[in-house]
Amino acid sequence: MRASRFHLATLKETPVDAEIVSHQLMLRAGMIRRHAAGVYSWLPLGLRVLRKVEQIVREEMDAAGALELLMPSFQPSELWQESGRWDQFGPELLRLKDRHQRDACIGPTHEEIITDIFRREVASYRQLPLNFYQIQTKFRDEIRPRFGVMRSREFIMKDAYSFDIDPQGMQRSYDIMDQAYVNIFDRFGLDYRAVSADSGAIGGSTSQEFHVLADSGEDAIAFSDESDFAANIETVEALPPAAERAAPTAPMETVDTPGMHTIEDLARGLGVSARQSLKTLIAEADDGNLVALVLRGDHELNVLKAERLDGVASPLRMAQREKIIELLGNDIGSLGPVGLNIPTFVDHAAAQLSDFVCGANQDEKHLLNANWGRDCEEPESVDIRNVVEGDPSPNGKGRLKILRGIEVGHIFQLGQKYSESMQATVLDEQGKTAFPYMGCYGIGVTRVVAAAIEQNHDDNGIIWPDTLAPFQLAICPINYHKSELVRQAADECYEQCRARGIDVFLDDRPLRPGVMFSDMELIGVPHRLVFSERGLAAQQFEYKGRRDESASDQPLDQLNDFLVQLFAMP
RNA sequence: CGGGGUGUAGCGCAGCCUGGUAGCGCAACUGCUUUGGGAGCAGUGGGUCGGGAGUUCGAAUCUCUCCACCCCGACCA
């Protein structure tokens, strides 16, 4: 592609309402433009990247035996009524009426449609297993779309659906997709992790998320440093401490703690460490009363775990301050388990403390050297906290490290949920009616593009992995329009690259070099060649990789070999 | 949905308080010069001041109303 024939739409200034780097850089590079909240056009540059992602996905899905099809984004309400999701789905489902006042929606996902296709097309177990997939636009009416294409309302997703006659078959289809996803993410050239998204993790995993690692990721993921355990932090069990609780060493005393209402206040004011104190949270009970959740001061409540406790309202609701004052007699900020007469759940780590600091259940007072069993009831401890870096891995092997990730893929087993509710049946070996077992496999195609940028950028712009780059190689001739020598060298190199199938970009704009360089860096082209009068006179060209500190001069007569080596071509 | 904020040229903003018919930087266009890291000079074009209604001799500016967008929260997973 020649710059003079392309729509290069780079922006010097950063649009003000783009919060995260990937959004800023995609706008500045001229990849996308916004039309409404969470709705974007993909300009030619952005589309080139999108297509690279799609192509890798398509090739690996095909290689795994999945069959591509294309389903509508407009979906009649009847199918959703059948599955029961017309009523279950919240306002995230964009509902509309057509001119005949018939209800419909814009598909946020396609289980209903694929199941409808399946039940009309497939009648026998002998046609199984089957795996259909599509790469298609979805719409989810997010309450608050943000971060550009990372959390948009309209987005492109690869979704695949497998059908098997029995659970074993479903597991096999799932395993094949698991491997296909590994192949896909390997080819993206991104640093990623496959992560268990299943809470119990009993037996084989039935749900995995694929996360691109990035500091800005919305999800925290926990990894074992000595085994391949990896899971979304929400689901990771915090093991009870192995050590015995130490015996009390000092009598309990009450101290005045004016103005100290948080763990940080206490740590500063009393000179105790957060991990020697207790944090007492009050949540709504399922009977309308209150329950206490007690954690070590430096730990964080895990909402999913708390919701599963007997007696705690689900979804979890933290109690209103007014209600706490009314029922417990004192304000938040000086609560503690000693003398607290509501049901109390104590985290394992909190229950292991002795001589701890906690609220005295009197305003502006705390207790020092409080002890379980002696000063209050011996607790039966539960797991209600998020794991932290350094905790033991739940599988007993190694310690946990915590990284942040962006969820870009999810595979899971649906079982018979849709085949049953929508009466999608086949005849089995005995000639009896059977409900197939389904699996469902998604990749957020547009999100992959943003995640790749979140993970790979610097002050100058995007740094694409070779496999996703809109162009693999940029040729920057200096004085292309003035120097016959430069023009010939650049054109010749350009034509050669094209003939070899390299995605090459020739910057033939009559611009100063600095402008060309910064544009090419902004849009993230991985490799750059420069031809100049000066260099050519010395029989040299210049090469710089996008991540290289500086450029290097290369002998002109070896340009061909250089390119062959760079792009690993025969 | 609650709270906060913003809408003025393609982008970033000033002007609004105190009403007098719109300005700056970047970008664009023309010409000349310049040409190895976002050039210089000279000139040019471009705005329903988010929409509507009102107050006023006169509204970007004051009032009411609607809309769009952004941020925080809640919701959703």
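Source: prediction; values computed, not measured. Values below: every heavy atom of this structure, side chains too, minus hydrogens, waters and symmetry copies. Chain letters run A, B, ... following the sequence lines, proteins first, then strands; residues in each count from 1.
- The residues A:Arg547 and A:Asp458 are annotated as not salt-bridged, no charged nitrogen and carboxylate oxygen being separated by less than 4.0 angstrom.
- Cation-pi geometry between A:Arg193 and A:Phe223 is met: the NZ or CZ atom falls under 6.0 Å from the ring centre, inside 45° of the normal.
- B:U65 and B:A27 are spaced 36 Å apart, taking the C1' atom of each and rounding to whole Å.
- Using atom P as the reference point in both B:G46 and B:A22, the two lie 13 Å apart (nearest Å).
- The base-pairing partner of B:G45, taking Watson-Crick or G-U wobble contacts with both distances under 3.5 Å, does not exist among the strands shown.
- With a 3.5 Å ceiling on both atom-pair distances, B:C16 lacks any Watson-Crick or G-U wobble partner.
- Atom CD in A:Glu484 sits about 18 Å away from atom C1' in B:U35, given to the nearest Å.
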## Note on the structure
Quick tally for nucleotides 71-77 of chain B: nucleotides whose base has a protein heavy atom under 4.0 Å get B, sugar-phosphate-only ones S, the rest -, giving SB-BBS-
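- Remark: C1' of B:U35 and CG of A:Asp508 are 16 Å apart, rounded to the nearest angstrom.
- Rounded to an integer number of Å, the gap from A:Tyr480 OH to B:U35 C1' is 17 Å.
- Between A:Lys12 and the phosphate of B:A27, there is a side-chain N or O to OP1/OP2 separation shorter than 4.0 Å.
- Rounded to a whole angstrom, the distance from the C1' atom of B:C69 to that of B:A53 is 23 Å.
- Rounded to a whole angstrom, the distance from the P atom of B:G2 to that of B:C66 is 13 Å.
- Note: A:Tyr174 and A:Tyr181 fail the aromatic proximity criterion, with ring centroids not under 6.0 Å apart.
- Positionally, the nearest nucleotide of RNA chain B for A:Asn460 lies more toward the 5' end than for the other of A:Ala37 and A:Asn460.
- Applying the Watson-Crick and G-U wobble criteria (two distances, each under 3.5 Å), B:A39 pairs with B:U33.
- A salt bridge between A:Asp215 and A:Arg404 is absent, with no side-chain N of the basic residue lying under 4.0 Å from a carboxylate O of the acidic one.
- The interatomic distance linking A:Arg34 (CZ) with B:G10 (P) rounds to 15 Å, in whole Å.
- Ion pairing between A:Asp548 and A:Lys544 fails under the 4.0 Å rule for side-chain N and carboxylate O.
- The listed nucleotides are B:U35, B:C69, B:G38; the one nearest the side chain of A:Ser518 is B:G38.
- Pairing of B:C64, defined by two Watson-Crick or G-U wobble distances under 3.5 Å, is identified with B:G52.
- Comparing the C1' positions of B:A39 and B:U34 gives a spacing of 7 Å, expressed to the nearest Å.
- We find that NZ of A:Lys544 is positioned 13 Å from P of B:G37, with the value rounded to whole Å.
- A salt bridge links A:Lys97 with A:Asp103: at least one charged nitrogen is closer than 4.0 Å to a carboxylate oxygen.
- Using the Watson-Crick or G-U wobble rule with both distances under 3.5 Å, B:U21 pairs with nothing in any strand shown.
- Remark: the separation of the C1' atoms in B:G52 and B:G45 is 31 Å, to the nearest Å.
- Among the atoms of the strands shown, base atoms are found under 4.0 Å from some heavy atom of A:Ile478.
- Here B:G38 is the nucleotide among B:G38, B:C70, B:U35 with the atom lying nearest to any side-chain atom of A:Arg28.
- Remark: B:C1 base-pairs with B:G73; criterion is Watson-Crick or G-U wobble with both hydrogen-bond distances under 3.5 Å.
- Comparing the P positions of B:A59 and B:C71 gives a spacing of 35 Å, expressed to the nearest Å.
- In summary, A:Arg2 and A:Asp507 do not engage in a salt bridge, as defined by a charged side-chain N under 4.0 Å from a carboxylate O.
- Distance CG (A:Leu27) to P (B:A27): 19 Å, rounded to an integer number of Å.
- Regarding A:Glu13, its CD atom lies at a distance of 14 Å from the C1' atom of B:A9, rounded to whole Å.
- A:His35 comes within contact range of no nucleotide atom at all, as no heavy-atom separation falls under 4.0 Å.
- Atom NE2 of A:His7 and atom C1' of B:A27 are 13 Å apart (whole Å).
- Residues A:Arg85 and A:Glu111 are paired through a salt bridge, judged by an N-O separation under 4.0 Å between the basic side chain and the carboxylate.
- For the segment residues 522-541 of chain A, residues with any heavy atom less than 4.0 angstrom from an atom of RNA chain B are, sorted by number, A:Arg528, A:Val530, A:Ser532, A:Arg534.
- Under the 4.0 Å criterion applied to side-chain N and carboxylate O atoms, A:Asp508 and A:Arg5 are not assigned as salt-bridge partners.
- A:Val515 comes within contact range of at least one nucleobase, with a heavy-atom separation under 4.0 Å.
- At least one cation-pi condition fails for A:Arg95 and A:Trp80: the charged atom is not both under 6.0 angstrom from the six-membered ring centre and inside a 45 degree cone around its axis.
- For B:U18 and B:C62, the C1' atoms lie 11 Å apart once the distance is rounded to whole Å.
- Remark: A:Glu300 CD is loosely packed, at most 12 non-hydrogen atoms of other residues, nucleotides or ligands lying under 6.0 Å away.
- A salt bridge is defined here as a Lys NZ or Arg NE, NH1 or NH2 lying under 4.0 Å from an Asp or Glu carboxylate O, and A:Arg528 with A:Glu521 meets this definition.
- On a pure distance criterion of 3.5 Å, a polar donor-acceptor pair joins the side chain of A:Glu521 and the base of B:G37.
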